[in-house]
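Read through the structure below, which is laid out as structure tokens, and then see the notes.
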Amino acid sequence: MKVYQTNEIKNIALLGSKGSGKTTLAEAMLYECGVIKRRGTVEAKNTVSDSFPVEKEYGYSVFSTVLYAEFLGKKLNVIDCPGADDFVGNAITALNVTDTGVILINSQYGVEVGTQNIFRTTQRLKKPVIFALNQLDGEKADYENVMEEMREHFGNKIVAIQYPLQTGPGFNAMIDVLLMKKYSWGPEGGAPVIEEIPAEEMERALELHKTLVEAAAENDETLMEKFFEEGHLTEDEMREGIRKGLVDRSIYPVFCVSAAKDMGVRRMMEFLGNVVPFVEEMPAPVTTEGVEVKPDSSGPLSLYFFKTSVEPHIGEVSYFKVMSGTLTPGVDLENMTRGSKERLAQMFCVCGNIRTAVDKLCAGDIGATVKLKDVRTGNTLDAKDCDYVFDFIRFPEPKYRRAIRPVTESDAEKLMTILTRMHEEDPTWVVEQSKELKQTILSGQGEFHLRTLKWRVENNDKLPIIFEEPRIPYRETITKAARADYRHKKQSGGAGQFGEVHLIIEPYTEGMPAPDTYRFGNQEFKMSVRDTQEIPLAWGGELVVHNCIVGGAIDARFIPAIIKGLMDRMEQGPLTGSYARDVRVCIYDGKMHPVDSNEISFRLAGRNAFSEAFRNAAPKVLEPIYDVEVLVPGDVMGDVMSDLQGRRAIIMGMESDNGFEKILVRVPLKEMSSYSTALSSITGGRSSFSMKFSGYELVPGDVQEALLRDYAAKNQSED
């Protein structure tokens, strides 16, 4: 195949809600370019994009699919992204390595929450956007209503390139107000008939044409002056103005298509080939050191690996973008992320599972390779004269958690190997082996997300697994000061064990003054701090230990052992076995034996004294709280609010957001276990939410009592 230069390459992401028709559109695009001879369908399970078994099983895209087409002397790299919100990580990755987003809208349903979410991502990444109104031949299609919705959600930057003469099953013609032509198709679509605009449509077409010309002229002073002087622009001038408007997001062109019947697809591709920005026209990506890297084919060679997949009969396939330089086979590269060496023996341009070997890829191009030794998603590989490192993809926080284990315990190691591999394919699958919870926790974007992983593990890897309710990482702390002492004494022939520790504990807050005097009943205890140790805890909070021993009651060499005993209980709190936090301890007295005292004696004495004091210090259980943002249509907001309040949510605020209602709440993690499924059920899949860890707060009294009962019952059953 031809070697395409940087100024001949365009990278495009196909985006949109589930069911908007991206895979069908991709199929029509490949057919129009001659890459495939016959268009497949999702129903027939024979499309280029949805080639994995799990995609054929469920009937929707799970992974992004890298495609390419040669069209109008240019190379279009297209990434077809899943539409389900559960697989949003694929869309985020695609937008980071492409330059323009084509957002499909199902004309029967209009702007959906998924559309709004992906548009926000394009805003954050400052990517040009083109809208395509698909399924205009659907029974419920309503062009005017959808355009009005789009203006409501996305503003007056929405500009029609085309409009249909009618929608619904009779859709077969449209007016293109950029070219000022009428396009019409036969019942089976395909090649259009191009004619002059009928007289009865001329007034509307001229009005929309003028709006488009004005929008194009606004992006260039020279074009604006010419427009004011002459009242019109040439086709090339309009293309230039639209291109500049796309780059700075001042215009969102709207096209009309029926992907299933291949109507309007070729015309939209002509626009992609002729008008959308080239790689070199977009803002340059920035390295971790803040260096802008322009796509220069003569620059130092640097590759960014954005996707990994495991394919039958091939193994691991690694997808990359050439950030700088020109890549040829056999080049030796250094993995700047992992410090290892790699040689790229082969490289391909990829169209789904069709791979075409190539001899050269220039800056800005997208390719794939196989059988690398030590490359992971997100790694940067550079030639020896280059030190670029890229790390620009930011994935959303997980929203759905489950504990996962194999049916057969001996398969635990095999399961971890599989999960690690699958995390490489989709980094929004997050795996954690929790020492605290004694569970392997799998987190993702929703129930479907995790259910898809389960299907793959059980069907592809033949390993039965079980999902369970994850335990909650509670914390324990105290709310008042308490005192305790404990003597550990053991004599059983030979050397004995002896250690006695007296201590006071109290809640710790950062910046509190050193202890002076404590009073318990009629007894007063004065503290003389000799030494302080502040121990940051891996699970949050601190343990602060003051050595207030005077007169040598306990030798200084035993203090570390006492602290180990304290940490034993901090790691397994007396109330529920959860981690404890934010406690200050004053060790003020004790006793030792000249022969029988040793480290284990004082460790046990410290542990038991701490346990007793902790129970007397009005202990409380803390639970993790998350900030949650829910985006819902106005007509279901009341139902969503009622459900949240039943989950002990605290409403922090509400605001309108481009036609949707945004609810801001703080919710205990315990109550979010099944929220993804519940929200989808309440709103018919028209809502979305995000959640982020906020902090720990005291659980209500009734919840704490229930936790203590459960913990006591568990310990009793184990005994």
Side-chain angles (χ1 to χ4, degrees), residues 15-21 83-86 88 91 101 103-124 129 131-136 138-158 160 167 252 254 396-397 399-400 445-448 626-667 671-672 674-692 694:
L15 310 160
S17 294
K18 180 182 175 182
S20 57
D85 197 40
D86 285 27
V88 67
I103 300 180
L104 268 71
I105 294 180
N106 185 330
S107 299
Q108 301 185 91
Y109 303 118
V111 178
E112 301 174 80
V113 169
T115 316
Q116 184 84 333
N117 288 340
I118 200 63
F119 183 79
R120 277 203 195 88
T121 304
T122 68
Q123 278 183 312
R124 179 171 58 83
V129 167
F131 287 99
L133 302 189
N134 190 24
Q135 296 161 338
L136 285 163
E139 291 281 354
K140 300 177 183 178
D142 187 335
Y143 173 82
E144 298 297 341
N145 186 55
V146 175
M147 287 294 288
E148 186 59 35
E149 276 190 22
M150 291 173 67
R151 292 189 182 96
E152 180 183 352
H153 290 291
F154 311 124
N156 292 326
K157 297 176 183 178
I158 294 292
T167 58
Y252 305 134
V254 182
E397 295 286 334
K399 298 185 287 191
Y400 190 82
Q445 295 301 304
E447 182 187 2
F448 291 147
Y626 278 70
D627 288 326
V628 179
E629 182 180 294
V630 189
L631 198 66
V632 301
D635 63 317
V636 294
M637 189 172 77
D639 294 335
V640 173
M641 291 274 286
S642 296
D643 178 73
L644 285 169
Q645 287 167 345
R647 297 174 185 273
R648 296 193 283 130
I650 298 175
I651 308 297
M652 305 303 292
M654 291 176 284
E655 57 188 64
S656 295
D657 187 351
N658 293 328
F660 289 89
E661 300 300 323
K662 184 190 294 183
I663 308 171
L664 307 174
V665 294
R666 303 186 77 230
V667 191
E671 307 295 337
M672 294 298 291
S674 59
Y675 188 63
S676 172
T677 307
L679 182 66
S680 179
S681 176
I682 292 169
T683 66
R686 295 184 296 148
S687 298
S688 70
F689 76 101
S690 62
M691 56 189 288
K692 188 175 182 180
S694 175

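Atoms considered below: every heavy atom in the structure, side chains included; atoms not considered: hydrogens, waters and symmetry mates.
- Note on ring orientation: taking the six-membered ring where Trp is involved, the planes of Y252 and F119 are perpendicular (angle over 60°, cut-offs 30° and 60°).
- Counting non-hydrogen atoms of other residues, nucleotides and ligands closer than 6.0 Å to OH of Y143 gives a total above 12.
- N134 places no side-chain N or O within donor-acceptor distance of the main-chain N or O of N106, the cut-off being under 3.5 Å.
- Annotation: the span from F689 atom CZ to Q445 atom CD amounts to 8.5 Å, rounded to 0.5 Å.
- Counting heavy atoms from C-beta on, the side chains of F448 and S680 never come closer than 4.5 Å.
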Walk me through it: do Y626 and E397 pass the test side chain to side chain contact (heavy atoms under 4.5 Å, CB included)?
CA-CA 11 Å; Y626 278 70; E397 295 286 334; over 6 Å; no
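- Between the side chains of D85 and S688, no donor N or O sits under 3.5 Å from an acceptor N or O.
- Other residues, nucleotides and ligands contribute over 12 non-hydrogen atoms within 6.0 Å of the CG atom of D635.
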Run the numbers on I682 and D643 for side chain to side chain contact (heavy atoms under 4.5 Å, CB included), then give the verdict.
CA-CA 9 Å; I682 292 169; D643 178 73; 3.6 Å; yes
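- When all heavy atoms of S676 and Y400 are compared, the closest pair comes out as CB-CD1, 3.9 Å.
- Across all non-hydrogen atoms, the minimal contact from S17 to S20 is O-OG, 2.7 Å.
- Across all non-hydrogen atoms, the minimal contact from T683 to L679 is OG1-O, 2.8 Å.
- The shortest distance between side-chain heavy atoms of S687 and P633 falls below 4.5 Å.
- The existence of a salt bridge linking R648 and E671 is confirmed by a sub-4.0 Å separation between a basic side-chain nitrogen and an acidic carboxylate oxygen.
- A heavy-atom distance below 4.5 Å is found between the side chains of L133 and V146.
- Side-chain contact between I158 and M147 is present, with at least one heavy-atom pair separated by less than 4.5 Å.
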As a quick check of understanding, evaluate side chain to side chain contact (heavy atoms under 4.5 Å, CB included) for M637 and I663, giving each step before the final call.
CA-CA 9 Å; M637 189 172 77; I663 308 171; 3.8 Å; yes
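- Between F131 and M150, the shortest heavy-atom distance links the atoms CG-CE, 3.4 Å.
- Taking the side chain as every heavy atom from C-beta outward, R124 and T121 approach each other to under 4.5 Å.
- The shortest distance between side-chain heavy atoms of V113 and F660 falls below 4.5 Å.
- Not one N or O on the side chain of E661 forms a donor-acceptor pair closer than 3.5 Å with the backbone of M654.
- Taking both residues in full, the closest heavy atoms of S107 and Q135 are given as CB-O, 4.0 Å, listed atom of the first, atom of the second, then distance.
- E149 meets the salt bridge (charged side-chain N to carboxylate O under 4.0 Å, His left out) test with no other residue; sequence neighbours excluded.
- In this structure, T115 contributes its side chain and E112 its backbone to a donor-acceptor pair below 3.5 Å.
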As a quick check of understanding, evaluate side-chain hydrogen bond (donor to acceptor under 3.5 Å, both in side chains) for T677 and E447, giving each step before the final call.
CA-CA 7 Å; T677 307; E447 182 187 2; 2.5 Å; yes
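- Counting all heavy atoms, side chain and backbone alike, L15 lies closest to T122 at CD1-CG2, 4.4 Å.
- Taking 4.5 Å as the limit, every side-chain heavy atom of R647 sits out of range of all side-chain heavy atoms of V628.
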Between R666 and S694, is a side chain to side chain contact (heavy atoms under 4.5 Å, CB included) present by the stated rule, with each step listed?
CA-CA 8 Å; R666 303 186 77 230; S694 175; 2.7 Å; yes
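- Heavy atoms of other residues, nucleotides or ligands lying less than 6.0 angstrom from CD of E655 number more than 12.
- Side-chain atoms of T167 come within 3.5 Å of backbone N or O of A141 as a donor-acceptor pair.
- Seen from the ring of Y675, K399 does not count as a face-on cation partner, given the 6.0 Å and 45° thresholds.
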